[in-house]
Amino acid sequence: MTTPAAEPLLRVQGLKVHFPIKKGVFFDRTVGHVRAVDGVDLAIERGSTYGLVGESGCGKSTLGRAILRLVEPTAGEVLFDGTDVASLEREPLRQMRQRMQMVFQDPLGSLDPRQNVESLLAEPLRAHGLGGGTKGIADKIRGLLDAVGLPSAALRRYPHEFSGGQRQRIGIARAIALEPDLLIADEPVSALDVSVQAQVLNLLEELQERLQLTYLVIAHDLAVVRHISDVVGVMYLGSLVEQAPADALYEQPLHPYTRALMSAVPVPDPVVEETRERILLAGDLPSPANPPSGCRFHTRCPWRQETRCDDEVPVLRELAPGRLVSCHWAEEIRDGVLHPKSAEEVAAVMGVSVRATGAEAQETDALVQGVDQPVERT
Amino acid sequence: MSSVPGGPAGAPVLEVDDLAVTFARRGEQATRAVDGVSFAVGASETVGLVGESGCGKSVTSLAIMGLLPRRGVTVSGSVRLEGQELIGASDSRLRTLRGAHMAMVFQDPLSSLNPTVQIGTQVTEVLLEHRDMSKSEAATEAADLLDRVGIPDPSRRLKEYPHQLSGGMRQRALIAMALACSPRLLIADEPTTALDVTIQAQILELLRELVVDTGTALVMITHDLGVVAGLCDRVHVMYSGKIIETADRHELFARPRQPYTGGLLASVPRLDAGRGTPLTPIRGSARDAIPWAEGCAFAPRCDNAQDDCLTEVSGSVVPLEYDGPGRELRCRHPLEHPPAPSGATAAGAAR
């Protein structure tokens, strides 16, 4: 490659993914958009791990899929090694996908139940004409199984014969079969038992070292992300609210949402549990079809101020080297000038009917007619 | 068994003694999902049942509530709610107790609510059934309940259907239903597993307040050690249908004795540990368990395992034994801890 080492492997600029909300029986009228990803910029250095965290519905999975063009981006650029993936068509895109692979969340759902392991692992190699014939492919597959710690007896077995952790290993073997540069792992361990999670996390780290992989790890579990990532990005309602090196972020989170998120994660240590600061958030995630004005977090933010927060959209700005945060009051919050309000106060001030949405569909009428707007409590 | 309630009240609210559940299918070997589980919960005490999927923790809770199907299921042992025996009690007896004296919060709030019935109808059903209220009284009470569990604008929510509520609110509605008759016993089966962390924190805070305010005995079933660390007074760790370690939560997290408990703690990435702190996973998966009759079920995955962990060598099944004050342990080669070099018994005597 001729690209200088300083150029990141993946650069995402202003990426937007909007899903239309359709209505009507005969004519498809588009009555609004769910802004799943709304203007995200990020860059991932070669050989590093970028962790993306956020609650369900914040758009982190959609972002991962949009980078691979598994969903079509509405706007923005995805520069992979200097090439804009978002504008590639057919064959060049297919070629490009060889270099970027994905590990999915549900290890059983993402493996064809009617293919045995050998055929599952041979498929990507055949599709891209790699591996050098039947003999070469057989050797390659044996090497892959070895790399993910499965016995070669697994070749003739079917996905249902394996445990969850082993299935995820198969998924990982399939993803690294093409020797990709970038591996996107969408919730790689959330479906696994605790004792098995650690095995898979260790495997991912070991493979990264051996194959010089670059990872984008998407997860809702902050402890997992902290463990595996070099840089962590926190998403809220379709945009990044904070990005920082993992250790710095966990030592001193700057965005109010990150602080609340971190204080909500239970730590398996009663002594820590009893002493640490707890920030409870009011209410649920607002609808991404009708996000709050100004700062999207202001409806739940314990540090909300009367000025700026409601009407001025904060930009992601660099507070310290490598530390990006999108909050108007980040400095004041860091220095302890501003103090948080309790969840009850926030709820009382904002009126509490900030309607929740999850991944599940809502009545489109409610989406359009703006029931999501905060309603004053009487 | 010598489980003594840790709560201030004298008699425990719930006593489970040697509970065993066996699932039988024609032409197949019977599966013993729960195998001699004993524990007690006192008023305003929170007891945690921890374990991985398939260890029998949910079946234990269903057996306590009498919610297991009759067919193909054998339940033995004894479950006493405030002294009344529940195993073998008639259906009508159980119906009067469930909802009124004992209640349960399930894992998946969407599938445990009826999607075609308004929230209000579902919440008032409990009140009409057990508290002899008129419909209008029940409606007012239901709005009160929803308000108490932190659902905003309760009177509007009562007329809505489950799909119109978010996951956190559905779980709150379920908790409101469970609390409608101020039960003495509340069983929460993975109440926060389907929820996001910020919502999980809200629900845990709610449960914590409830235990303090109403003196309800809470049985918390979870796989998340973090949840246990913050909420439970006493913890029972289950593996393959049996309790393998019991301890006060501070003791358990500071000095795990069963290698399985130690392994679980070492394999969870922690938020307060740095990047690259190595994780020590447990070998294999829960599928590798052997039947307890053949030896310690955890032996095939255990680093401390020795020959006498197998029944064949030692001549007896590994028993659950006294292991210092308030602790019980089922292990022949437990983990040792430097601060207490001569074992937990000496540490206990020093206190």
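Within every chain, numbering begins at 1; the chains are lettered A, B, ... in the order of the sequence lines, protein sequences first and strands thereafter. Just so it is clear, the structure is predicted and the values come from calculations on it, not from any experiment.
- Note: B/Ala229 leads B/Cys232, B/Gly54, B/Ala229, B/Ala266 in heavy-atom pairs under 4.5 Å with chain A.
- Both the backbone and the side chain of A/Leu261 come within contact range of chain B, judged by heavy atoms closer than 4.5 Å.
- Only the side chain of B/Glu205 has a heavy atom closer than 4.5 Å to any heavy atom of chain A.
- Residue contact with chain A, scored on non-hydrogen atoms closer than 4.5 Å, involves the backbone of B/Arg283 exclusively.
- Salt bridge annotation for B/Glu245-B/Arg330: absent, with no cationic side-chain nitrogen under 4.0 angstrom from a carboxylate oxygen.
- Between the side chain of A/Asp221 and the backbone N or O of A/Ala223, at least one donor-acceptor pair lies under 3.5 Å.
- Residue contact with chain B, scored on non-hydrogen atoms closer than 4.5 Å, involves the side chain of A/Asn202 exclusively.
- Ion pairing between a basic and an acidic side chain is recognised when a charged N comes within 4.0 Å of a carboxylate O; B/Arg270 and A/Asp269 show such pairing.
- In this model, no donor atom of one side chain and acceptor atom of the other lie less than 3.5 Å apart for A/Gln197 and B/Ser267.
- Per-residue counts of heavy-atom pairs under 4.5 Å with chain A were compared for B/Leu252, B/Asp224, B/Val197, B/Leu225; the largest is that of B/Val197.
- In this structure, the portion of A/Leu280 lying under 4.5 Å from any heavy atom of chain B is its side chain and not its backbone.
- Heavy atoms of A/Val272 lying under 4.5 Å from chain B belong exclusively to its side chain.
- Both the backbone and the side chain of B/Gln202 come within contact range of chain A, judged by heavy atoms closer than 4.5 Å.
- Proximity of a side-chain donor or acceptor of B/Lys57 to a complementary backbone N or O of B/Val50 within less than 3.5 Å is not detected.
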Start with the C-alpha distance between B/Thr198 and B/Asp196, add both sets of side-chain angles, then the distance that settles side-chain hydrogen bond (donor to acceptor under 3.5 Å, both in side chains), and finish with yes or no. CA-CA 6 Å; B/Thr198 55; B/Asp196 280 315; 5.9 Å; no

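- The number of heavy-atom neighbours closer than 6.0 Å to CZ of B/Arg148, taken from other residues, nucleotides and ligands shown, is 12 or below.
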